[in-house]
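Just so you know, residue 1 is the first one in the sequence shown, and it goes up from there. In this text, all values refer to a predicted model and were calculated from it rather than measured experimentally. All ligand and atom numbering here is 1-based and tracks the order in the structure.
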Amino acid sequence: MLTYEDFCLRAAEVEARIAAAAHAAGRPAGSVRLLPVTKTHPAEAAAHAARRGFAAVAENRVQEAAAKRPLAPAALRWELIGHLQSNKARLATETFDRIQSVDSEKLLRHLDRAAVELGRPLAVLLQINAGRDPAKFGAELEDAPRLLDTALACPALRVEGLMTIAPLGATPDETAEHARRTFATLRELRDALADRARVALPELSMGMSGDLELAVAAGGTCVRVGTALFGAR
Ligand SMILES: *Cc1c(COP(=O)(O)O)cnc(C)c1O
């Protein structure tokens with residue numbers, strides 16, 4: 001586990017990358033939030049993030065986050081970015097403040113029921129397979145309007161926007177090209193959905209350690225970064 005000082009150096013580097021990309025895109029530096037991804041790292045990683053002033057961290061597995069959260073500062077918020085099965089919706093709703101990986105109507109209904117039972121609203125993003133990657137989770141682009149309609153009809157869920165993961169290519173150039181296209185597609189989809197349903201969907205969660213500049217250029221508002229902050233997993 002890296003020291004707090006090393007973490008701070010890495011965080012400053014990533015923040016500088018985000019600021020440069022925002023500047024190049026003519027966007028205010030504060031329009032992109034850095035979300036540290038602590039998966040596979042000990043609870044100390046979340047403590048480092050909290051100490052440096054990050055409001056939230058992200059995890060990709062429910063059980064792992066449920067085990068670590070009690071060990072981290074209580075004010076820290078936790079977001080789920082990994083695939084979620086409906087039978088874990090209850091524990092996920094108890095464990096996370098926001099779930100970014102909602103990709104089916106069945107899951108929406110389970111989460112809504114759990115949030116109603118817990119007596120508090122749950123923030124969600126809809127995960128879209130905007131790169132049409134057969135290896136990735138996420139709703140198909142064609143299913144997004146119906147998924148949004150279902151989400152908006154869930155009384156205990158607050159839909160804040162969309163999330164995606166870009167597919168890898170065979171070469172760095174191809175990977176970058178996929179990322180550019182995937183992020184542009186997610187943004188266009190968001191604009192179309194917001195227009196059609198007449199709701200604000202302000203959050204576009206896209207970009208990771210390797211492609212965050214491309215996500216910021218395409219209008220991303222939340223970049224999820226693990227490796228560049230905490231080292232290789
Ligand atoms: C692990 C993960 C990340 C962070 O990836 P890095 O390349 O380590 O920055 C971002 N998003 C999702 C969905 C992840 O599972």
> Is Arg233 near ligand 1, meaning one of its heavy atoms is under 4.0 Å from it?
yes
> Just jot down the ligand 1 atoms closer than 4.0 angstrom to any heavy atom of Gly226, in number order.
4 (C), 6 (P), 8 (O), 9 (O)
> State, to 0.1 Å, how close Ala72 and Ala46 come at their nearest heavy-atom pair, and which atoms those are.
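Reported closest heavy-atom pair: CB-CB, 4.1 Å.
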> Identify the closest protein heavy atom to atom 10 (C) of ligand 1: which residue and atom is it, and at what distance?
Met208 SD, 3.2 Å
> Which heavy-atom pair separates Leu186 from Thr164 by the least distance, and what is that distance?
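Distance-wise, the nearest heavy atoms are CD2-CG2, 3.8 Å.
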> Considering only non-hydrogen protein atoms, determine which one is nearest to atom 11 (N) of ligand 1 and report residue, atom name and distance to 0.1 Å.
Arg224 NE, 2.9 Å
> Look at atom 8 (O) of ligand 1 and say which protein heavy atom is nearest, naming residue and atom and giving the distance to 0.1 Å.
Thr227 OG1, 2.5 Å
> Looking at Tyr4, I'd like to know if the NZ or CZ of Arg51 sits under 6.0 Å from its six-membered ring centre while staying within 45 degrees of the ring's axis.
yes
> Which label fits Phe230 and Phe7: parallel for a plane angle under 30°, tilted from 30 to 60°, or perpendicular past 60°?
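Ring orientation of Phe230 relative to Phe7: parallel.
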> Out of Ser209, Pro36, Ser205, Gly82, who is nearest to atom 9 (O) of ligand 1 when you count heavy atoms only?
Ser209
> Counting each atom of ligand 1 from 1 as listed, which ones have a heavy atom of Val225 under 4.0 Å away?
9 (O)
> Where is the nearest protein heavy atom to atom 15 (O) of ligand 1: which residue, which atom, and how far?
Lys39 NZ, 2.7 Å
> May I have all residue pairs that pass salt bridge (Lys or Arg N to Asp or Glu O under 4.0 Å) and include part of residues 103-114, sequence neighbours excluded?
Glu105-Arg146
> Do me a favour and list the nearest non-hydrogen protein atom to atom 12 (C) of ligand 1 with residue, atom name and distance?
Ile81 CD1, 3.4 Å
> Tell me whether Leu168 shares a hydrophobic cluster with Ile165, the cluster being built from Ile, Leu, Val, Met, Phe, Trp, Tyr side chains joined at under 4.5 Å.
no
> Would you call Arg69 and Glu59 a salt bridge, taking side-chain N to carboxylate O under 4.0 Å as the test?
no
